[in-house]
Amino acid sequence: MNFNYDIIVTGAGHAGCEAANAAACLGSKTLLITMDMNKIAQMSCNPAVGGIAKGQIVREIDALGGGMGIITDRTAIQFRMLNRSKGPAMWSPRAQSDRARFSEAWRQMLENQENLHIWQDTVDELVIEKNVVTGVKTGMGVVFHAKCIVLTNGTFLNGLIHIGRTQIKGGRMAEPAVRGITEQLVSLGIKADRMKTGTPVRIDGRSVYFEELSEQPGENDFHKFSYLDFAPRQLKQLSCWTLFTNETCHEILRKGLPDSPLYNGQIQSIGPRYCPSIETKIVTFADKTHHQLFLEPEGENTQEYYLNGFSSSLPLAIQLEALQAIPAFRDIQIYRPGYAIEYDFFDPTQLQHNLESKRIRNLFFAGQINGTTGYEEAGGQGLMAGINAHINCHGGHSFVLGRDEAYIGVLIDDLVTKGIDEPYRMFTSRAEYRILLRQDDADMRLTEKSYNLGLAESNRYYLLQKKKEYREHLIAFIESYSVKPQQVNHELEVSGTAPLTHGCKLIELLLRPQLSLENLARFIPALQAELDKLPANRKEEITEATEILLKYNGYIKREQQIAEKINRLENIHIKNKFDYNNIQSLSTEARQKLTKINPDTIAQASRIPGISPSDINILLVLLGR
């Protein structure tokens, strides 16, 4: 038995799995400590991965060599590309996964990862010497030593479950809370607070009248999360279902509000704005007569369904009665009620951009304990924390992604620069450079960086290089191939676009919104011949990436120019250069916030809420710029 490691990761949720996997893949001797090896990567809430902006994060995790995309593809029971009616900057992949197989696949990956060991136990205390973390003490009394510790405790720190007026201490239903770590860190000057999240009722599908619901089938095209070369859908594909609440249901829910922890003072902590409970919906949107719900399967071979949109902490009897008021649920049977959970988190402005604590060296924080919500946000942080913990152990510069390089970069910069006042959830609107951060090109943005770090493996890098070669060859053909009117005019009119009056290059036709490479190839044999040269199992992926790049080239270049201008400010370093409290020309708010955050660069300072352009100009003047 070994008690000395390079890196210890506490908690095997989505952040912990990515952190441990990344650190071990990079070569660090890593220990992952979890209280239950059968709950590794547990999908505590919805058994789904991706969604608006979240799907982009998962593609970035995969492009960097993380595991979430691969595991999701292997266990997906439904896949959809959201926002197809909008431009490709907004397209977001989402998959419903088999909950049990998702966890099982992660455990299999981790158990077979070289340099990674797993220990089933709880971590009750950190070993800290002179503001440097050196190990952990477990519930069994074992002391493990390490150069770096990554905390990914999710909702378990002093977790408290609420069902009506009933309170249960726990980090998840039927799983104990973790005590001691918050209190220890607070005693060392780290600021903690409380947050709240919730989960809906789980329904027995045999009691549902599906014929009264609207079916929402998935898609079965080439899209998937991972850029690696394997079949996208390996399990039986299942439908989700939509339905609505009604006035009777709402009246029953209102009857239960006096016993709702959210409204009787029992819960004081911050809840998620963008995933409200059903009781919050009927209070906030009192004029609405119905709310949409989504009934989603939990697995390929289970009767358990998740009722998306009906998160609740109301008493069990109220939840049941309200559900039975929905016609398709009149004979409903459930596996367990919805519940709310309160837990501790730590102010993320206390972290550096590499997710290391500013106060305690070699201590990293990732996931919900940084105030985020969602598997994807947690996984992205965990991956970055694992990489940077490895770098701390073995030397090198911190690995930090810019806001123009990845949604993961936007996420982490928002956390450490702006802080949070509610559970943080990623949206495309949070990114200034959405057209640069598309889901189709995460590999182009990130895989080479990861390969140079040693995380992305050679086969992934080879696939990227071949994709680039195919794409560039196809672009060269499209830009140089000449088209004559008599070749295409009949088909152009059929496609609803103007005929040619003279010859042109193929690129001019592709830029028309009514036309795509796929339909142009139907009547331009030379183009079809070029597409046929692409590898059959990657043909559609490469074709789509090429088309997006050409159609949106003007927007992409404009955004790149804006990003380059802003990045000049990223190169003006100001950390520890000023005593902000003595700069009287700054506003009081600016002095307070700049002192608290101590930003690395002028660009980071400009993103702090409350810092005005005039405050930035004052700092530039003081720097002689």
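The figures here come from the full heavy-atom set of this structure, side chains too, leaving out hydrogens, waters and symmetry mates. Quick caveat, the model's predicted, so the values are computed rather than measured.
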I'd like to know if [X] pairs up with [Y] as an ion pair, taking the criterion as any Lys NZ or Arg NE/NH1/NH2 lying under 4.0 Å from an Asp or Glu carboxylate oxygen.
X: R84; Y: D221; value: yes
X: R522; Y: E491; value: no
X: R101; Y: E300; value: yes
X: E448; Y: R460; value: no
X: R438; Y: E559; value: no

[X] and [Y]: side chain donor to acceptor below 3.5 Å:
X: H223; Y: E544; answer: yes
X: Q237; Y: N220; answer: no
X: T497; Y: R512; answer: yes
X: T601; Y: E570; answer: yes
X: N489; Y: E493; answer: no
X: D413; Y: T417; answer: yes
X: R74; Y: Q234; answer: no
X: H390; Y: S28; answer: yes
X: N388; Y: E356; answer: no
X: S97; Y: T75; answer: yes
X: Q78; Y: S239; answer: no
X: Q216; Y: T242; answer: no
X: S482; Y: K505; answer: yes
X: E530; Y: H473; answer: yes
X: E518; Y: T543; answer: no

ask   = Looking at OG1 of T447 and CG of D441, how far apart are the two atoms once the value is rounded to the nearest 0.5 Å?
value =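 Those atoms lie 10.5 Å apart.
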So which atom in [X] and which in [Y] form the shortest heavy-atom distance, rounded to 0.1 Å?
X: D62; Y: Y227; result: OD2-N, 2.7 Å
X: A389; Y: V150; result: CB-CG2, 4.0 Å
X: C45; Y: Y375; result: N-OH, 2.9 Å

message = Just checking Y306 against F294, ring centres under 6.0 Å apart?
response =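 Not close enough - the centres of the two rings lie 6.0 Å or further apart.
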inquiry  = Please confirm whether the ring centroid of F427 lies under 6.0 Å from the ring centroid of Y407.
reply    =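 Ring-ring flag for F427/Y407: false, centres at least 6.0 Å apart.
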ask   = What class does the angle between the rings of H14 and F102 fall in, given that below 30° is parallel, 30 to 60° is tilted and above 60° is perpendicular?
value =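 Rings of H14 and F102: tilted, as their planes differ by 30° to 60°.
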